[in-house]
Visitor: 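Structure in structure tokens, see below.
Since the model is a prediction, treat every value here as computed from it, not as a measurement.
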Amino acid sequence: MKCHEFQDLIGSYLQETIEEPRRELFEEHFFQCRKCFLGLKINETLQNKGVRILLEEKPRLFSFRILRPVLAMAGLFLVILTSALLLRHDRRTDRLRELAVFDLPLYHQGEMRGGAESNARLEAEFTRAMRSFQDRDFRAALQILEQPEFRAAAYPKYDFFRAISLLGNGEAEKAAGILDRIIGSMDPAYFDEALYYKGFALLRQDRQLQARAQFAKLAGMLSPMSGKARVMVRKIDEL
Ligand SMILES: [Zn+2]
């Protein structure tokens with residue numbers, strides 16, 4: 001797709017009247033062309049003004065059900081019930097774990113979203129890290145991306161892919177912290193994707209309700225990620 005075609009389609013895309021085959025080409029161009037990416041982002045931001053992004057989550061309240069002494073007498077019943085519940089819990093945990101497996105975010109060699117980084121050595125290292133990343137070898141990617149120079153660069157691209165690598169490596173809490181910073185900075189380059197993957201960080205912390213709320217928020221936004229977010233809301237509801 002050419003830039004001028006893209007520009008002509010922005011309106012129908014945001015109104016969701018675009019036809020399916022063109023929508024795919026449109027989204028492909030969106031991730032490949034920085035100029036059009038930012039063009040769409042500005043339109044989107046104007047239309048999304050009403051959507052508030054909440055970063056802080058309220059502390060969770062637990063309610064504990066206290067077993068009455070009467071129940072204690074029905075010992076056998078309780079044992080059966082408990083094992084049934086445990087079994088159900090196991091199955092649910094398995095499904096939750098399945099759900100927490102995520103598709104890798106789009107990455108293009110020499111990724112330009114968020115602008116160019118002038119440090120050529122870091123860029124070369126980053127490209128090397130991304131090779132491991134795309135093989136889902138997150139540990140190897142992190143060995144590179146966790147170097148102090150990458151942290152010090154505080155560059156959205158490095159931060160974003162470090163966060164996703166952490167997520168893949170089972171460090172959901174650290175990942176969530178970085179994603180929150182990207183979301184908070186409202187940097188359009190990785191904003192939507194940070195919202196999306198924050199949902200996975202929550203899932204991996206067994207915070208199913210918050211994860212659902214996170215995906216629902218993105219699903220309600222005008223974003224190329226909203227379709228994927230809607231799918232996640234549905235899958236969580238089906239758990
Ligand atoms: Zn373009």
Side-chain angles (χ1 to χ4, degrees), residues 28 31-32 55 57 89-185 187-212 214-215 218 224-225 228-229 231-232 235-236 239:
E28 204 181 289
F31 282 110
Q32 283 167 352
L55 277 183
E57 275 134 14
H89 179 260
D90 267 6
R91 275 206 296 269
R92 212 191 64 87
T93 313
D94 283 349
R95 284 204 299 262
L96 196 63
R97 210 164 287 150
E98 244 167 65
L99 205 58
V101 177
F102 55 87
D103 291 333
L104 292 185
L106 280 164
Y107 165 76
H108 296 284
Q109 171 85 32
E111 167 114 5
M112 286 292 284
R113 276 187 284 163
E117 168 60 52
S118 55
N119 188 329
R121 197 189 67 82
L122 270 192
E123 273 300 289
E125 281 279 274
F126 179 71
T127 303
R128 203 162 65 82
M130 291 314 283
R131 247 172 255 142
S132 303
F133 178 84
Q134 287 180 311
D135 294 337
R136 293 189 91 98
D137 186 352
F138 301 116
R139 192 181 299 269
L142 282 172
Q143 267 172 11
I144 300 172
L145 296 176
E146 291 269 44
Q147 289 174 62
E149 295 119 290
F150 278 106
R151 291 159 166 277
Y155 186 49
K157 176 170 81 177
Y158 300 157
D159 287 346
F160 176 72
F161 286 103
R162 191 171 83 238
I164 308 303
S165 303
L166 284 165
L167 190 58
N169 200 39
E171 297 173 78
E173 230 177 295
K174 269 168 90 178
I178 300 172
L179 293 173
D180 275 342
R181 278 207 304 281
I182 296 172
I183 296 166
S185 72
D187 183 319
Y190 295 96
F191 181 72
D192 310 55
E193 284 177 290
L195 283 174
Y196 181 69
Y197 288 102
K198 174 73 191 296
F200 286 95
L202 290 166
L203 276 182
R204 283 172 182 236
Q205 293 174 88
D206 282 327
R207 298 163 78 175
Q208 191 185 330
L209 286 178
Q210 286 95 331
R212 190 197 184 280
Q214 179 77 16
F215 288 120
L218 182 58
M225 306 295 290
K228 288 173 96 176
V231 171
M232 287 308 294
K235 283 185 176 170
I236 292 173
L239 271 181

Visitor: Closest approach of Ser132 and Ala141, non-hydrogen atoms and distance?
Guide: CB-N, 3.8 Å
Visitor: Any non-hydrogen side-chain atom of Phe126 less than 4.5 Å from a side-chain atom of Met130?
Guide: yes
Visitor: How about Phe191 and Ile182: do any of their side-chain heavy atoms sit closer than 4.5 Å?
Guide: no
Visitor: Does any non-hydrogen side-chain atom of Tyr190 lie less than 4.5 Å from one of Ser185?
Guide: no
Visitor: Working to the nearest 0.5 Å, report the span between CD of Glu171 and CD of Glu173.
Guide: 10.5 Å
Visitor: List the steps, then state whether side chain to side chain donor-acceptor pair (under 3.5 Å) holds for Gln147 with Glu125.
Guide: CA-CA 10 Å; Gln147 289 174 62; Glu125 281 279 274; 3.1 Å; yes
Visitor: So, for Tyr155 and Phe160, is the gap between ring centers shorter than 6.0 Å?
Guide: no
Visitor: Is the closest side-chain heavy-atom distance between Leu99 and Phe200 below 4.5 Å?
Guide: no
Visitor: Phe150 and Ile144: which non-hydrogen atoms are nearest, and at how many Å?
Guide: CD1-O, 3.2 Å
Visitor: Do any N or O atoms from the side chain of Gln143 and from the backbone of Arg139 form a donor-acceptor pair under 3.5 angstrom?
Guide: no
Visitor: If you compare all heavy atoms of Asp192 against all heavy atoms of Leu218, which two are closest, and at what distance to 0.1 Å?
Guide: O-CD2, 3.8 Å
Visitor: Which heavy-atom pair separates Leu122 from Ala153 by the least distance, and what is that distance?
Guide: CD1-CB, 4.2 Å
Visitor: Could you tell me how the ring of Phe102 sits relative to the ring of Phe138: parallel (under 30°), tilted (30 to 60°) or perpendicular (over 60°)?
Guide: tilted
Visitor: Could you check if a side-chain atom of Met232 sits within less than 4.5 angstrom of a side-chain atom of Gln214, using non-hydrogen atoms only?
Guide: no
Visitor: In terms of side-chain geometry, is the basic nitrogen of Lys235 or Glu98 positioned less than 4.0 Å from the acidic oxygen of its partner?
Guide: no
Visitor: Does Glu146 CD have over 12 foreign heavy atoms under 6.0 Å away?
Guide: yes
Visitor: Hey, are the side chains of Glu149 and Asn119 touching, using non-hydrogen atoms and a 4.5 Å cut-off?
Guide: no
Visitor: Do you know which two heavy atoms are closest between Arg204 and Ala100, and how far apart they sit?
Guide: NH2-O, 2.7 Å
Visitor: Nearest 0.5 Å please: distance from the CD atom of Gln134 over to the CG atom of Leu104.
Guide: 7.5 Å
Visitor: Could you check whether any side-chain heavy atom of Phe215 comes within less than 4.5 Å of a side-chain heavy atom of Leu203, counting everything from C-beta outward?
Guide: yes
Visitor: Find out whether Glu123 and Lys157 are in side-chain contact, i.e. whether some heavy atom of one side chain is under 4.5 Å from a heavy atom of the other.
Guide: yes
Visitor: How close do Ala201 and Ala176 get, heavy atom to heavy atom, and via which atoms?
Guide: CB-CB, 4.0 Å
Visitor: To the nearest 0.5 Å, tell me how far Ile164 CD1 sits from Leu179 CG.
Guide: 5.5 Å
